[in-house]
Amino acid sequence: MLQLNAIRENKEAIIEALKKRNLDAASLIETVLNLDESRKAIQTNLDNTLAQSNKLSKEIGILYKTGKAQEANVLKEETAKLKDNSKQLTEDLNTTATELQNALYQIPNVPHTSVPAGNSEEDNEEIFSEGNIPKLIDGALPHWELAKKYDIIDFELGVKIAGAGFPVYKGKGARLQRALINYFLDKNTAAGYTETQVPHVVNEASGYGTGQLPDKEGQMYHMPVDDLYLIPTAEIPVTNMFRDDIVNEKDFPVTVTAYTPCFRREAGSYGAHVRGLNRLHQFDKVEIVRVEHPSKSYEALDSMVEHVKGILRELKLPYRILRLCGGDLGFTSALTFDFEVFSTAQDRWLEISSVSNFETYQANRLKLRFKDENGKNQLAHTLNGSSLALPRVLAGILENYQTEDGIMIPEVLIPYCGFDKID
RNA sequence: GGAGAAUUGGCAGAGUGGUCGAAUGCGGCAGUCUUGAAAACUGUUGAGGGUCACACCUCCGGGGGUUCGAAUCCCUCAUUCUCCGCCA
């Protein structure tokens, strides 16, 4: 959520910047500012009314104590009107505050100056690529065929148990999956991230805190009986650990990593591009999250990007990094780098990581602050990134490492797997 | 799931209808003393709204109610603890 102060002070700049998202926010911003004005006016009015009524109450108390009940009763009558007033004003205030909140929820984060304008993923800017695209054997297969051939992932079995998009990993497939999780966690903790295990369900307040609600309501599995949501990413529980916190400036940077399964409804997306592991309702992901001092957050973003690069380098997978354009940028993000691995057998790029700086957008909703050197509370910056998402990394490994003798295991993973080949 | 008790500032813990945003202790910060540190002493120390700055307003688990007035009384929800039940 954008800060009202920022909107008030930089109205034109914000409207201009939001155009990169193909959003004309002028009228929305106008609404917000107007609502804020009325909110303030009502608040002032209410405050004055309450002040009067507080004063009278005190006087009444004193009168009673000194035995002047009659005079007290006169004052009591006066308070009745004030009470009606304040009741009405409180209602008005609540209505206006809710409207203001709802309007603010509709405004996405302001893109960073480096974000290119653009409508869709085609306008994303490739900023880096590395790794050789392997020359595959004749008759190379896409991963869903390989999964069947070596009996390591069973999509049909998952359909029987739960539905489409809930695969069953078997044997070496399951082991490779677990190896990847451990490998990623080890890499992240070695880089200083604190390993945590968090709930896989979150309440509504957490969903609002990181911005999935109300924006992506339909994308999450919701359990109405207990009013809980299955997490679509560890970002939600991990970042919400710091909701309503005032962190000590000395504790920056706060760095956390967590493995969780992720659940996404992905309503209405079927077809060739979602075959196999390309898009699932349940998948595994290891996430990294940081809470940073505002002056350090872009440095931190760079270091997260470097960190993910290092992992892909070790896995020897060909990948590229994209700077997302305004049209493709997530609602809450100011700047996002996507990592894509090249799936040789499918001849296409698959997104495997998304690393973002949210600046104060989430912190504002989370009320996540720190005390600066002047003793004033300021909003912190939050960042997160996948390090990494499992299924497409798995797809990349299966497809790029296939040989006539089977699927070779990347060297760094062999100690984690306990085997060097799937055949 | 059943019965009982509780929920107060970073922590511990007073406060049961009126100068209570809240005693006290610990912790934090600043200072005195010291070559430096510790100890001791002194001062300071919640959050949000509002204001140029004050004033002022809100917040004692959440929500609602009673009252001129609520941390204190009532209702409700949540959470925690104890006992019982169930259980990986």
Side-chain angles (χ1 to χ4, degrees), chain A residues 1-9 32-101 103-104 197-209 213 222-229 237 240-252 254 261 291 360 362-380:
Chain A
M1 201 160 60
L2 297 181
Q3 294 171 83
L4 273 166
N5 268 339
I7 298 178
R8 233 178 266 135
E9 283 161 27
V32 163
L33 290 176
N34 288 336
L35 283 169
D36 186 44
E37 281 307 310
S38 15
R39 195 213 92 235
K40 258 199 242 179
I42 298 168
Q43 178 80 256
T44 306
N45 209 335
L46 175 63
D47 283 359
N48 291 336
T49 310
L50 290 173
Q52 276 185 60
S53 140
N54 286 345
K55 206 172 137 222
L56 283 178
S57 291
K58 264 178 198 162
E59 284 172 23
I60 290 170
I62 293 166
L63 288 172
Y64 270 124
K65 271 195 179 157
T66 51
K68 296 173 182 163
Q70 260 184 345
E71 287 175 46
N73 285 332
V74 176
L75 288 187
K76 264 198 203 178
E77 278 166 38
E78 269 186 62
T79 60
K81 201 163 78 193
L82 290 174
K83 214 176 161 184
D84 283 348
N85 266 346
S86 64
K87 201 168 177 185
Q88 182 61 49
L89 287 168
T90 306
E91 270 174 41
D92 293 351
L93 183 65
N94 288 342
T95 314
T96 310
T98 307
E99 281 173 26
L100 175 59
Q101 190 74 272
L104 277 172
Q197 294 197 357
V198 290
H200 298 169
V201 297
V202 290
N203 56 28
E204 195 179 41
S206 294
Y208 275 95
L213 292 174
H222 181 225
M223 295 167 282
V225 176
D226 297 297
D227 200 15
L228 292 169
Y229 295 86
N240 272 280
M241 297 199 296
F242 307 102
R243 174 151 47 90
D244 288 324
D245 259 13
I246 301 176
V247 305
N248 203 321
E249 200 176 346
K250 283 180 282 197
D251 294 335
F252 283 138
V254 176
V291 181
T360 59
Q362 291 183 327
N364 192 211
R365 289 196 185 183
L366 293 160
K367 300 207 185 347
L368 165 49
R369 294 149 296 169
F370 69 97
K371 215 174 264 301
D372 66 18
E373 59 276 9
N374 302 318
K376 279 198 73 175
N377 290 331
Q378 266 193 60
L379 292 175

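Residue numbers begin at 1 in each chain, while the letters A, B, ... track the order of the sequences. Only a predicted model underlies this, so the values are computations on that prediction, with no experimental measurement involved.
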**Q** What distance, rounded to whole Å, do you find between the two C1' atoms, one in A3(B) and one in G85(B)?
**A**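 A3(B) and G85(B) have their C1' atoms separated by 11 Å.
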
**Q** OP1 or OP2 of C56(B) versus the side-chain N and O atoms of Asn48(A): is any pair under 4.0 Å?
**A** no

**Q** How far, in whole Å, is G10(B) from G49(B) if one measures between their C1' atoms?
**A** 23 Å

**Q** Taking atom P of C57(B) as reference, at what distance in whole Å does atom CG of Asn85(A) sit?
**A**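 That distance rounds to 16 Å.
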
**Q** Mind checking what makes ring-ring contact (aromatic ring centres under 6.0 Å, His included) contact with Phe370(A), not counting sequence neighbours?
**A**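 Partners of Phe370(A) by the ring-ring contact (aromatic ring centres under 6.0 Å, His included) criterion, ordered by chain and then number, come out as Phe252(A), His293(A).
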
**Q** To the nearest angstrom, how far is Ile246(A) atom CD1 from G48(B) atom C1'?
**A**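 Between C1' of G48(B) and CD1 of Ile246(A): 10 Å.
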
**Q** My understanding is that only residues two or more places apart in sequence, or in another chain, count here; which of them pass side chain to side chain contact (heavy atoms under 4.5 Å, CB included) with Ile246(A)?
**A**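 Arg369(A), Asn377(A).
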
**Q** Expressed in whole Å, how much space separates the C1' atoms belonging to G64(B) and A12(B)?
**A**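 Per the computed distance, 31 Å lies between those C1' atoms.
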
**Q** Which nucleotide in the list C29(B), G49(B), A47(B) gets nearest to the side chain of Gln43(A)?
**A**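 Per side-chain heavy atoms of Gln43(A), the pick is G49(B).
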
**Q** Let's test this: given Watson-Crick or G-U wobble pairing with both distances under 3.5 Å, identify the partner of C60(B).
**A** none

**Q** To the nearest 0.5 Å, what is the distance between OG on Ser53(A) and CG on Leu75(A)?
**A**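 Going from the OG atom of Ser53(A) to the CG atom of Leu75(A) covers 11.5 Å.
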
**Q** Looking at CD of Gln3(A) and CG of Leu104(A), how far apart are the two atoms once the value is rounded to the nearest 0.5 Å?
**A** 11.0 Å

**Q** Using atom C1' in both nucleotides, what's the gap between G27(B) and C81(B) to the nearest angstrom?
**A**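 26 Å, rounded to whole Å.
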
**Q** Applying side chain to side chain donor-acceptor pair (under 3.5 Å), can you list everything that pairs with Gln88(A), at least two apart in sequence or on another chain?
**A**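 Expected list: Asp92(A).
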
**Q** Quick one: side chain to side chain contact (heavy atoms under 4.5 Å, CB included) partners of Asn94(A), sequence neighbours excluded?
**A**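 So Asn94(A) forms a side chain to side chain contact (heavy atoms under 4.5 Å, CB included) with Thr90(A).
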
**Q** Using the side chain to side chain donor-acceptor pair (under 3.5 Å) rule, collect all pairs that involve residues 76-86 of chain A, keeping only residues at least two apart or in two chains.
**A**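 Checked against side chain to side chain donor-acceptor pair (under 3.5 Å) - neighbours excluded - the pairs reaching residues 76-86 of chain A are Tyr64(A)-Lys76(A).
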
**Q** Under the salt bridge (Lys or Arg N to Asp or Glu O under 4.0 Å) rule, what pairs show up with a residue in residues 34-53 of chain A, not counting sequence neighbours?
**A**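 Listed once each, the pairs are Arg8(A)-Asp36(A), Asp36(A)-Arg39(A).
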
**Q** My understanding is that only residues two or more places apart in sequence, or in another chain, count here; which of them pass side chain to side chain donor-acceptor pair (under 3.5 Å) with Asp227(A)?
**A**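 By the side chain to side chain donor-acceptor pair (under 3.5 Å) rule, Asp227(A) matches His222(A).
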
**Q** For the pair made of CG in Asp244(A) and P in G61(B), what is the distance, rounded to whole Å?
**A**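 To the nearest whole Å, that distance equals 15 Å.
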
**Q** Test of understanding: with side chain to side chain contact (heavy atoms under 4.5 Å, CB included), list the residues that count as partners of Ala205(A), not counting sequence neighbours.
**A** Asn203(A), Arg243(A)

**Q** Whole angstroms only, please: what is the NZ-P distance between Lys55(A) and G18(B)?
**A** 22 Å

**Q** For A70(B), give its Watson-Crick or G-U wobble partner with both distances under 3.5 Å, or none.
**A** none

**Q** Rounded to whole angstrom, note down the P distance from A6(B) over to G13(B).
**A**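 A6(B) and G13(B) have their P atoms separated by 14 Å.
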
**Q** Can you tell me, in whole Å, how much space there is between the P of C57(B) and that of U51(B)?
**A**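 About 16 Å, rounded to a whole number of Å.
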
**Q** Where along nucleotides 63-81 of chain B does protein come under 4.0 Å, by heavy atom, of base (B) or sugar-phosphate alone (S), with - for untouched nucleotides?
**A** ----BBS------------

**Q** Write down the distance between CG (Leu4(A)) and C1' (G48(B)), rounded to a whole number of angstrom.
**A** 13 Å

**Q** Expressed in whole Å, how much space separates the P atoms belonging to A70(B) and G17(B)?
**A**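 The same atom, P, in both gives a distance of 14 Å.
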
**Q** Using purine N1 to pyrimidine N3 plus N6-O4 or O6-N4 for Watson-Crick, or N1-O2 and O6-N3 for G-U wobble, both under 3.5 Å, which nucleotide pairs with G10(B)?
**A**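 When the pairing criteria are applied, C26(B) turns out to be the nucleotide that pairs with G10(B).
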
**Q** Who is the Watson-Crick or G-U wobble partner of A88(B), with both distances under 3.5 Å?
**A**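 A88(B) is paired with nothing.
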
**Q** Go through the structure and list residues passing side chain to side chain contact (heavy atoms under 4.5 Å, CB included) with Asp226(A), not counting sequence neighbours.
**A** Leu228(A)

**Q** Taking only side-chain nitrogens and oxygens of Arg39(A), does any of them come within less than 4.0 Å of OP1 or OP2 of G50(B)?
**A**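 Affirmative; the distance criterion is met.
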
**Q** Both distances below 3.5 Å, Watson-Crick or wobble geometry, any strand: find the nucleotide opposite C41(B).
**A** G31(B)

**Q** Pick the nucleotide of RNA chain B nearest each of Gln52(A) and Ile62(A); which residue has the one closer to the 5' end?
**A**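 Per heavy-atom nearest nucleotide, the more 5' residue is Ile62(A).
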
**Q** Distance check, P atoms only: A14(B) and C33(B), in whole angstrom units.
**A**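 39 Å, rounded to whole Å.
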
**Q** Can you tell me how far C1' of G48(B) sits from CD of Gln3(A), to the nearest Å?
**A**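 Spelled out: CD on Gln3(A) to C1' on G48(B) is 14 Å.
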
**Q** Verify side-chain contact (heavy atoms from CB on, under 4.5 Å) between Ile42(A) and Thr96(A), making sure each step is shown before the conclusion.
**A** CA-CA 9 Å; Ile42(A) 298 168; Thr96(A) 310; 3.4 Å; yes

**Q** My understanding is that a pair needs two contacts under 3.5 Å, Watson-Crick or G-U wobble. By that rule, which nucleotide pairs with C83(B)?
**A** G2(B)

**Q** Using heavy atoms and a sub-4.0 Å distance, could you list which residues of residues 364-372 of chain A are near RNA chain B? By number, please.
**A**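 Residues of residues 364-372 of chain A that come under 4.0 Å of RNA chain B are, in numerical order, Arg369(A), Lys371(A).
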
**Q** Rounded at 0.5 Å granularity, tell me how far CD in Gln43(A) sits from CG in Asn48(A).
**A** 10.0 Å

**Q** How close or far is atom P of G48(B) from atom CG of Asp245(A), stated in whole angstroms?
**A**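 Atom CG in Asp245(A) sits about 13 Å away from atom P in G48(B).
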
**Q** Write down the atom of Leu368(A), the atom of Val291(A), and the distance for their closest heavy-atom approach.
**A** CD2-CG1, 3.8 Å

**Q** N/O contacts under 3.5 Å, protein versus nucleotides 58-60 of chain B?
**A**
none

